[in-house]
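Here the structure is laid out as structure tokens; the discussion comes afterwards.
Any value given below was found using the heavy atoms of this structure, including those in side chains, with hydrogens, waters and symmetry copies removed. Chain A is the first sequence line, chain B the second, and so forth, proteins listed ahead of strands; every chain is numbered from 1.
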Amino acid sequence: MMMMVRKSKGLGERHQKILEFIESYQREYQHPPSIREIGEHCKISSTSVVNYYLDQLEKEGLLERDRKISRGMRLVGNNNPLGDLLRVPVLGVIQAGEPILVPDEAGFTPEDSVEIATSLMPSKEKGKDLFALKVQGESMIDAMVNDGDIVILKPVQDARNGEMVAVWLNERSETTLKYYYKEKDGYRLQPANPQFKPILIKKNESLQIKGKVVMVIRKVDRYN
DNA sequence: TAGCGCGAAACGCGTTACTG
DNA sequence: CAGTAACGCGTTTCGCGCTA
């Protein structure tokens, strides 16, 4: 006998509508909608039904849910052509110009986070506990790192010469973003902007590498 | 009859706002 | 400043109508 019933796979009208709504809501508000908001928009009067559909979408692999957190849902699959997003915490601001004092003893203050598509990442860095810093200053301008950009870093203790790193200068209580070179009598922190002089660290001063830059998110100023 | 699609309402829990 | 009321939100339970 013929049936017009939905197959167990495949999406019904409401599934589609919910997905579209989540997507557009997310674009507008930068976070997912609540169950009640979905219901309201999709003409579903009961939260249990929305939950019911979200469960199904999750089973279909179109949605990920985190039940610990309210609004804990995320679209996956073809809805995001770039692939999964990785949330990277922005731990604070780092100087790429003259190094300056930083507010707390850890060197960084938690602030915000950015999402980057894993498909854009160097594959070896995936899954590491990366962190991000907002760049202030222009000493790395020739390395395509500008004031206001965000750099993604991998936490490391050592770096090879020529790598761009975030370092903590113990004796000076300062952080800075520079190219790293180890030399006979200490370290040289080289800016990429010829207008800035390298910072020379003598052997008796200590320096702590916080991480090396694996990716740069450029800020494009469209207002001038 | 069993299972699905759906709705109403109660419930639980964390956060925010108010108040003495 | 503690106590509590209000709120936002997700989860659970129950029940109804339909159909295979």
Between atom [atom1] in [X] and atom [atom2] in [N], what is the gap in whole Å?
| X | N | atom1 | atom2 | result |
| --- | --- | --- | --- | --- |
| A:Leu54 | B:dG5 | CG | P | 15 Å |
| A:Glu40 | B:dG7 | CD | C1' | 16 Å |
| A:Met73 | C:dC9 | CE | C1' | 10 Å |
| A:Ile69 | B:dG14 | CD1 | C1' | 13 Å |
| A:Arg14 | B:dC4 | CZ | P | 17 Å |
| A:Asp55 | B:dG3 | CG | C1' | 17 Å |
| A:Ile35 | C:dG10 | CD1 | P | 5 Å |
| A:Lys68 | B:dC13 | NZ | P | 13 Å |

- Message: Can you see if the side chain of A:Arg65 gets near the phosphate of C:dT11 - specifically, an N or O under 4.0 Å from OP1 or OP2?
- Response: yes

- For A:Arg71 and C:dC9, is the shortest distance between a side-chain N/O and OP1 or OP2 below 4.0 Å? yes

Partner residues of [X] under the side chain to side chain donor-acceptor pair (under 3.5 Å) criterion, sequence neighbours left out:
| X | answer |
| --- | --- |
| A:Glu163 | A:Lys212 |
| A:Ser46 | A:Ser48 |
| A:Glu20 | none |

- Task: Report yes or no: do A:Tyr52 and A:Gln56 form a side-chain donor-acceptor pair below 3.5 Å?
- Result: yes

- Query: Do A:Arg188 and A:Asn161 have side-chain N/O donor and acceptor atoms under 3.5 Å apart?
  - Reply: no

- Message: Going by the rule salt bridge (Lys or Arg N to Asp or Glu O under 4.0 Å), which residues pair with A:Arg160 if we only count those two or more places apart in sequence or in a different chain?
- Response: none

- Query: Taking only residues two or more places apart in sequence, or in another chain, which ones meet A:Arg71 in a salt bridge (Lys or Arg N to Asp or Glu O under 4.0 Å)?
  - Reply: A:Glu37

- Using a heavy-atom cut-off of under 4.0 Å over every strand shown, decide if A:Gln56 touches base, sugar-phosphate, or nothing. sugar-phosphate

- What are the residues of residues 43-51 of chain A, sorted by number, that bring a heavy atom to within less than 4.0 Å of DNA chain B? A:Ile44, A:Ser45, A:Ser46, A:Thr47, A:Ser48, A:Val49

